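Because the structure is predicted, anything quoted here is derived from the model rather than measured.
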Amino acid sequence: MQLLRLRRFSFQNLILVLVLATFQPSLNAAPKSPSALLTMADHQVALTECGVLAKAGTTYILQNDVSSPGTCFAVQADRITLDLNGHTITYGTAESGGQHRHAVVGIACWAHDLDGNPCGGSASDLTIANGKILQATTAAPFSHAIRVGQINGLKNLTVEGVEITVSAPNTIPIYTTFSKGGAKIYKNVIHNNVTTITNRGAFQGMSIKLDNEVAATLPNLIHDNVIIGGAQAGIRETNSAGSKIYNNHISMRATYSNDFCIDAPGSKIEIYGNNCHPAQGRGLHLNGSDLIVHDNVIEVTEQPNNMEYGGEISSIIRKSGVVTIVTKSPHYQRVGNPVTISGVKDSSLNGSFTVSGTPSVTILKYSQAGPDSSGVGGRTTACELNGAYGIQIESDLGVIGNVKVFGNKVTANAAQCDAVALKMTNIEARDVVEIYDNQFVAKRVGNTGSAAHAISVEIFDGTKTSISKNIFISDTDLGHIGYRGGSNLRISNSTVAKGSNSITQWQLFGFGNQYGGGTAIGEAVQDPIFKDGAGVQFGLMAASTALEEFYVNWSLSLRVVTQTQVAVSGVNVIIKDHDGKEVYSGVTDSNGNAIAFLPSRRVYNTATTVISEPKGPYAVSMSKSGCSASQFTLDLKDKTEMSKVLNCN
């Protein structure tokens, strides 16, 4: 049986369609069978089978479990409530020739991607509540459980207290598009057993996807949902009208890229109180403006089985303990990356290995003991590029403005793949970002060769990025500069600690830009609180034509007073480093105070060497008309507060 799509036709054609329809008659017109619809109180109708819901302002109450070989309910009027009443909808129980089928659908007739489903009418203020939705194993790909959108003035969808289970490729449990907002999606449980999608760039592997809402005028509320599983990601919100995403528990098992618990390309979104703990996947992706992200708990890990970073094997040969693989498409691997081989007919060639060579984009090598052998079939999979991210801030859609990230607890685990607690990408000098009062932990798991970075940046200019009063604990480095470089990464007034499983050459800043040639200058820590062995280590800086540089800065709070301890305002303070270069010039305020931030050490490279250069001791001079000029020297090694006397008439 299949669903017939209703478009323009004559009255005679309508009669013919109703007679010939092979799908349940109730899906081609408003259900009228006495056995299917039982009138209850005013504006209430009892349902016993699937059908079209087309009476505006009506609450339809399910009386029993229902199933459909294709789509079950089609909504074609506003202000409809579908009360599942504790019962289950099972949909897609018959093979449909690959056409999409849905538990609940509301679409316009011009939406050709849903041909074969009933269409037309409207579906605003739709509520679906209190029951279960189960996708049959025979359902076609893209058979989303709840699919509404591309229909007249859609807004105010509510999905409450619904347990949804899906498994067909590319299926999204709750999917709206081109809505005007106002959705309330809460207290649902989603079992996303989908393992295959065809386009990760189109976010086909989401569990809740509210798409194409850039023109929305109403905010969405997405909260207190439990999301278990999924091939890609959890929640995607494109609304910019003030949405809130909070108190959700999200745990994917992602094998495709863009695999975030929450993806927020919309603006004016508040994200808080969520628990993101994927079995495999990343945390939060922030690439909108006016975002407030706080008090989330995030723990992330990636595994070397990402479908994008691999490919089918053309040939595989082991000779003298070295395996050479030729892939049918680019493998995207670098030396040192873990790679997993599966499906080779000679099972001894399957397993997880570390790449030792990449002679070309389709050839990779690694070591494996065993007799000389060759195999057929199989594929490679590997880590997603750069591994797990706890929080990623990225301005890939335009200007990032007024992004505030605070009060979050983030843990990024580097097991077989690298891990980054805080990742920032494509941030320009104009982008305003504030990151404060968070805890970022990057941990190595076991005796891994993978890196655990507290912060990593790439294509980055932190001129208007403020990172202060955070706790950073890492096993590899505090700040890592990626392949294409990044400058002005400044971290102030923060605790910086080595983790309990740190590498021998732990670094304050690690530089990978020498490989890609990008510039990495102006990196700095200011008034750090070093703990557990962290300090001014810089083992991963190299002689290179790609510029690398970082500073360790300390603040000097200077108070100028008279002999009787009276504050002296208007004092000119000039500070020069040991080379005589002026590094500060200012005037004391009404309380006699001047605050200077002084670089105590500069570490930088040239094409031939790496230089660690102390900037002190400093020469500090004080002068004011009517007072005797004064000068003293100072060698800063910590945050310093001091008073100095100036003799004045």
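- Here the side chain of S450 pairs a donor or acceptor atom with the backbone of A415 at under 3.5 angstrom.
- Between T380 and E312 there is no side-chain heavy-atom pair separated by less than 4.5 Å.
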Item to complete: Decide side-chain contact (heavy atoms from CB on, under 4.5 Å) for V432 and V403; before the verdict, give the C-alpha distance in whole Å, the side-chain angles of both, and the deciding distance to 0.1 Å.
Response: CA-CA 7 Å; V432 179; V403 174; over 6 Å; no
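- Looking at every heavy atom in both residues, A140 comes nearest to S143 through O-OG, 2.7 Å.
- Relative ring orientation between F260 and H285 is described as parallel, the plane-to-plane angle staying below 30° on a 0-90° scale split at 30° and 60°.
- Counted by atom type alone, Q204 and T198 present one or more donor-acceptor pairs between their side chains at under 3.5 Å.
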Item to complete: Walk me through it: do V66 and C72 pass the test side-chain contact (heavy atoms from CB on, under 4.5 Å)?
Response: CA-CA 8 Å; V66 293; C72 185; 3.9 Å; yes
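- Taking the six-membered ring for Trp and thresholds of 30 and 60 degrees, Y436 and F406 have nearly parallel ring planes, at less than 30 degrees apart.
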Worksheet entry | From CA spacing to verdict: side-chain hydrogen bond (donor to acceptor under 3.5 Å, both in side chains), N117, T71 | CA-CA 7 Å; N117 286 279; T71 292; 2.5 Å; yes
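- The CD atom of Q232 lies 13.0 Å from the CE atom of M307; values are rounded to the nearest 0.5 Å.
- Side-chain contact of D431 with S395: a donor-acceptor pair under 3.5 Å is present, judged by distance alone.
- A donor and an acceptor atom, one from each side chain of S207 and N192, are located under 3.5 Å apart.
- Two residues are said to be in side-chain contact when any heavy atoms from C-beta on lie closer than 4.5 Å; L291 and N402 fail this criterion.
- The backbone N or O of G387 lies less than 3.5 Å from a partner atom in the side chain of R282, making a donor-acceptor pair.
- In terms of modelled atom types and a separation under 3.5 Å, the side chain of T81 and the main chain of T59 share no donor-acceptor contact.
- Side-chain atoms of T238 come within 3.5 Å of backbone atoms of E213 as a donor-acceptor pair (strictly under, hydrogens ignored).
- Residues V166 and N193 form no side-chain contact, since every pair of their non-hydrogen atoms from C-beta on lies 4.5 Å or further apart.
- Judged by distance alone, with hydrogens and angles left aside, the side-chain atoms of N225 form a donor-acceptor pair with the main-chain N or O of H223 at under 3.5 Å.
- The cationic atom of R101 (NZ for Lys, CZ for Arg) does not lie both less than 6.0 Å from the six-membered ring centre of Y91 and within 45° of the ring axis.
- In this structure, P141 and H100 approach most closely via the heavy-atom pair O-CD2, 3.5 Å.
- Across A241 and P219, no two heavy atoms sit closer than the pair O-CB, 3.7 Å.
- Looking only at distances, a side-chain donor or acceptor of T138 sits under 3.5 Å from a matching main-chain atom of T93.
- A donor-acceptor pair under 3.5 Å links the side-chain atoms of N64 to the main chain of T48, judged by distance alone.
- Side chains of N188 and E163: a donor-acceptor N/O pair is absent below 3.5 angstrom, by distance only.
- Minimum heavy-atom separation, I190 to I174: CD1-CD1, 4.3 Å.
- Between the side chain of S251 and the main chain of H277, a donor-acceptor pair closer than 3.5 Å is present.
- To the nearest 0.5 Å, atoms NZ (K184) and CG (L218) are separated by 8.0 Å.
- Among all heavy-atom pairs drawn from A388 and V300, the shortest one is CB-CG2, 3.9 Å.
- Of the residues N296, D437, N274, the one that meets the side-chain hydrogen bond (donor to acceptor under 3.5 Å, both in side chains) test with N408 is N296.
- Side-chain contact between I427 and I393: present, with at least one pair of heavy atoms (C-beta onward) separated by less than 4.5 Å.
- Annotation: the span from C261 atom SG to I391 atom CD1 amounts to 11.0 Å, rounded to 0.5 Å.
- Note on R200 versus E308: salt bridge recorded, some NZ/NE/NH1/NH2 to OD/OE distance being below 4.0 Å.
- Considering only heavy atoms from C-beta on, H249 stays 4.5 Å or farther from I227 through its side chain.
- Side-chain contact, Q280 with N305: a donor N or O sits under 3.5 Å from an acceptor N or O.
- Rounding to the nearest 0.5 Å places OG1 of T171 at 11.5 Å from CD1 of I197.
- Considering only heavy atoms from C-beta on, L284 comes within 4.5 Å of V293 through its side chain.
- Side chains of D259 and Y256: no donor on one and acceptor on the other come within 3.5 Å.
- Between P265 and D263 the shortest side-chain heavy-atom distance falls below 4.5 Å.
- Of the possible donor and acceptor atoms, one in the side chain of Q135 sits under 3.5 Å from a partner among the backbone N and O of S167.
- Under the 3.5 Å distance criterion, with hydrogens and angles disregarded, no donor-acceptor pair is assigned to the side chains of N156 and S124.
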Practice prompt. Assess whether side-chain contact (heavy atoms from CB on, under 4.5 Å) is satisfied between I61 and V45, documenting all intermediate values.
Written response: CA-CA 6 Å; I61 303 176; V45 172; over 6 Å; no
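- K244 and E270 are joined by a salt bridge, as a carboxylate oxygen and a charged side-chain nitrogen come within less than 4.0 angstrom of each other.
- N85 places no side-chain N or O within donor-acceptor distance of the main-chain N or O of H87, the cut-off being under 3.5 Å.
- Scanning all heavy atoms of the two residues, the minimum distance from I151 to G120 falls at CD1-O, 3.8 Å.
- The NZ atom of K423 sits 3.5 Å away from the OG atom of S456 when rounded to the nearest 0.5 Å.
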Item to complete: Take V148 and L126 through the side-chain contact (heavy atoms from CB on, under 4.5 Å) test and state the conclusion after the steps.
Response: CA-CA 10 Å; V148 293; L126 167 64; 4.1 Å; yes
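- L286 has its side chain out of reach of Q392: every pair of non-hydrogen atoms, C-beta onward, lies at least 4.5 Å apart.
- Under the 3.5 Å distance criterion, with hydrogens and angles disregarded, a donor-acceptor pair is assigned to the side chains of Y186 and E160.
- A salt bridge links K404 with E434; the closest basic N to acidic carboxylate O contact falls under 4.0 Å.
- We find the OG-CD1 distance between S243 and I235 to be 11.0 Å, quoted to the nearest 0.5 Å.
- Put simply, the residue from N239, T176, T177 that forms a side-chain hydrogen bond (donor to acceptor under 3.5 Å, both in side chains) with N212 is T177.
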